Protein chains: 2
Amino acid sequence: MNLIEKKTLSRIQKEKRSTIKKAALEVFSEYGLRGATLDKIAVASGLTKPNILYYYSSKDQIYFDVLSGLLDEWVAPLHNISSDGDPIDELLGYMKAKLKMSKQKPQESKLFATEILHGAPLTQNVLATSLKQTLDEKVAVIDKWIEEKKLEYVNGYHLFFSIWAMTQHYADFDIQVKSILNQSEEELFDDAEEYLTSVLLRTLSVRAP
Amino acid sequence: MNLIEKKTLSRIQKEKRSTIKKAALEVFSEYGLRGATLDKIAVASGLTKPNILYYYSSKDQIYFDVLSGLLDEWVAPLHNISSDGDPIDELLGYMKAKLKMSKQKPQESKLFATEILHGAPLTQNVLATSLKQTLDEKVAVIDKWIEEKKLEYVNGYHLFFSIWAMTQHYADFDIQVKSILNQSEEELFDDAEEYLTSVLLRTLSVRAP
DNA sequence: AGAAAAATTGTCCAATTGGTCAAAAAATTC
DNA sequence: GAATTTTTTGACCAATTGGACAATTTTTCT
């Protein structure tokens, strides 16, 4: 019986797949696709290697499944940007949601970063279609706000790029950040939020001198 | 004869090591340390595998050498920030220098990013000492500028983090950026520079509303 | 309970990989 | 130009790795 094609998964199947995915996220985010081994995933999950291969047909399949589950979650906060709201509130809220994800889900952020960094072999499709479409919509919202004089002019695409870059930096490069700042994670992210809020506020609400 | 301990390298040694490093940078930046293989480096360099191992005692040694050469280059622009100059000119200049590096040396940026992302096994020392020291100095310069009222208050550390994040994003995540924007590299980096200049100008020169 | 299906595992295999080594080839030195 | 040193390479090896598979155990269904 091919598990992949089956529609309803049993309790055990759901549990074990979830266990495997959780362990795989740990291992993949630390070592990348090629650096991760089935043995490491086996140890991390408490299962045997053949048992893992009973639930997934290959290492690549596990990687693909983990990453797929991640993509939606990663793009989700974008959908919460409402064209009806106050532009600055909406964009500040988006930044804060992204920063929160960096704090609470650094492994996911790192896995995603590694994937893109190494050429997005599995996700290039999604990036060029689904993500692009969603982002185009949100940039259109920004352009509309600008036209309605609710927002100073700003390049929408690069605005989103910079929000992604600045917020994810605290997850992806945490080692660097923490080796420079000797703070608790709480302090660090509080300072980061204060700084990013300030940057965004100034960028969005003031005409360039 | 142990090449590592020899002080003067022959012409051939210099050439071959340089060839190997160049090829290794390509391979390491695309696949990471663990994903890169000696065979790939051999093909990319046009040398045989044992010949590579004649010049470097191990794959890790090559990686270490490539990364070491990179670190200085990567931190270098920081040194050009002069406390005598105009704060905004100095920081804008720094941002532009970093953005230029992202455009011209994406492989180096990606290799560095991968290293940090995966826990900086070889560079954590340098980060915590040399980089931290240099950055501390430059943050002190910023704090001095603020005290002298030449600059509005800004968190110096997070300012640098955000400059790093925003500029390196265009190299490290180029696949994502390019799958969203269908522009030539020239246009893309021109727009990026314009946007980042605007963000930085507004961040540095205007009191938050 | 007993049959059938699903889950688990020990054992094994072929491919890849980092690295060795002795011999050959090329360059350098005298 | 012969001797010596340096460079290059083909052949090889041991370890790791992704994965196959048959046998066993556990769960599910009637």
Side-chain angles (χ1 to χ4, degrees), chain A residues 1-28 30-67 114 118 121-122, chain B residues 1-28 30-67 114 118 121-122:
Chain A
M1 159 84 50
N2 189 340
L3 286 179
I4 303 292
E5 294 175 10
K6 206 182 170 194
K7 272 142 205 168
T8 56
L9 297 176
S10 72
R11 175 186 54 86
I12 290 183
Q13 285 166 348
K14 281 185 204 157
E15 285 174 5
K16 290 292 161 68
R17 285 203 168 211
S18 169
T19 301
I20 292 169
K21 276 198 272 189
K22 196 180 158 197
L25 174 62
E26 282 176 35
V27 178
F28 282 132
E30 184 171 347
Y31 298 99
L33 170 56
R34 292 168 213 257
T37 67
L38 284 174
D39 286 318
K40 281 182 188 136
I41 298 175
V43 170
S45 65
L47 302 177
T48 61
K49 194 166 66 170
N51 202 7
I52 289 177
L53 288 168
Y54 174 73
Y55 291 103
Y56 285 96
S57 57
S58 69
K59 188 175 89 161
D60 284 8
Q61 271 293 323
I62 306 175
Y63 183 75
F64 188 78
D65 200 22
V66 171
L67 207 59
T114 305
H118 290 3
L122 290 181
Chain B
M1 160 79 53
N2 188 340
L3 287 179
I4 302 292
E5 294 176 10
K6 204 182 170 192
K7 273 143 203 167
T8 55
L9 297 176
S10 72
R11 175 185 54 86
I12 290 182
Q13 286 167 347
K14 281 183 204 160
E15 284 174 5
K16 290 292 160 69
R17 286 205 167 210
S18 169
T19 301
I20 293 169
K21 277 197 271 190
K22 196 179 159 198
L25 173 63
E26 283 176 35
V27 178
F28 281 133
E30 185 171 347
Y31 299 98
L33 169 56
R34 291 168 214 255
T37 67
L38 284 174
D39 286 317
K40 282 183 188 134
I41 298 174
V43 170
S45 65
L47 302 176
T48 61
K49 193 165 68 170
N51 201 8
I52 289 176
L53 288 167
Y54 173 73
Y55 290 103
Y56 285 96
S57 57
S58 69
K59 188 175 90 162
D60 285 8
Q61 271 293 323
I62 306 175
Y63 184 75
F64 188 79
D65 199 22
V66 170
L67 207 60
T114 306
H118 291 2
L122 289 181

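What you see is a predicted model, and the numbers here were worked out from it, not measured in a lab. Order of the sequence lines sets the chain letters (A, B, ...), proteins ahead of strands, with each chain counted from 1.
Taking atom OH of residue B:Y56 and atom P of nucleotide D:dT7, one finds them 14 Å apart after rounding to whole Å. Here D:dT7 presents its C1' atom at 12 Å from CD1 of B:I20, a figure rounded to the nearest Å. Between A:E15 atom CD and D:dT27 atom P there is a gap of 12 Å when expressed in whole angstrom units. In this structure, the CZ atom of B:R17 is 14 Å from the P atom of D:dT6, given to the nearest Å. A:K59 has its NZ atom 17 Å from the C1' atom of D:dA20, to the nearest Å. Spacing between atom CD1 of A:I62 and atom P of D:dT17 amounts to 15 Å, rounded to whole angstrom units. Whole-Å rounding puts the B:D60 CG to C:dT17 P distance at 16 Å. At whole-Å resolution of the value, NZ in B:K14 and P in D:dT7 are 12 Å apart.
Separating the CD atom in A:E15 from the OH atom in A:Y55 is a distance of 9.0 Å, to the nearest 0.5 Å. Residue B:L33 holds its CG atom at 10.5 Å from CD1 of B:I62, rounded to the nearest 0.5 Å. Here the CG atom belonging to B:L122 is positioned 7.0 Å from the CG atom belonging to B:D60, to the nearest 0.5 angstrom. Expressed to the nearest 0.5 Å, how far NZ of B:K59 lies from CZ of B:R34 amounts to 9.0 Å. Remark: B:I52 CD1 to B:D39 CG distance equals 8.5 Å, nearest 0.5 Å.
The residue from B:I41, B:T114, B:L67 that alone fulfils the side chain to side chain contact (heavy atoms under 4.5 Å, CB included) condition with B:F28 is B:I41.
Both tests hold for A:R17 against A:Y56: distance to the six-membered ring centre under 6.0 Å, angle to the ring axis within 45°.
If you check residues 31-43 of chain A against DNA chain D, the residues with a heavy atom closer than 4.0 Å are A:A36, A:T37, A:L38, listed by number.
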Where along nucleotides 8-15 of chain D does protein come under 4.0 Å, by heavy atom, of base (B) or sugar-phosphate alone (S), with - for untouched nucleotides? BBBB----
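Looking at A:Y63 and A:V66, their side chains never come closer than 4.5 Å, going by heavy atoms from C-beta outward.
Side-chain nitrogen and oxygen atoms of A:Q13 include at least one within less than 4.0 Å of the OP1 or OP2 phosphate oxygen of C:dA7.
B:S18 pairs by the side chain to side chain contact (heavy atoms under 4.5 Å, CB included) definition with nothing, not counting sequence neighbours.
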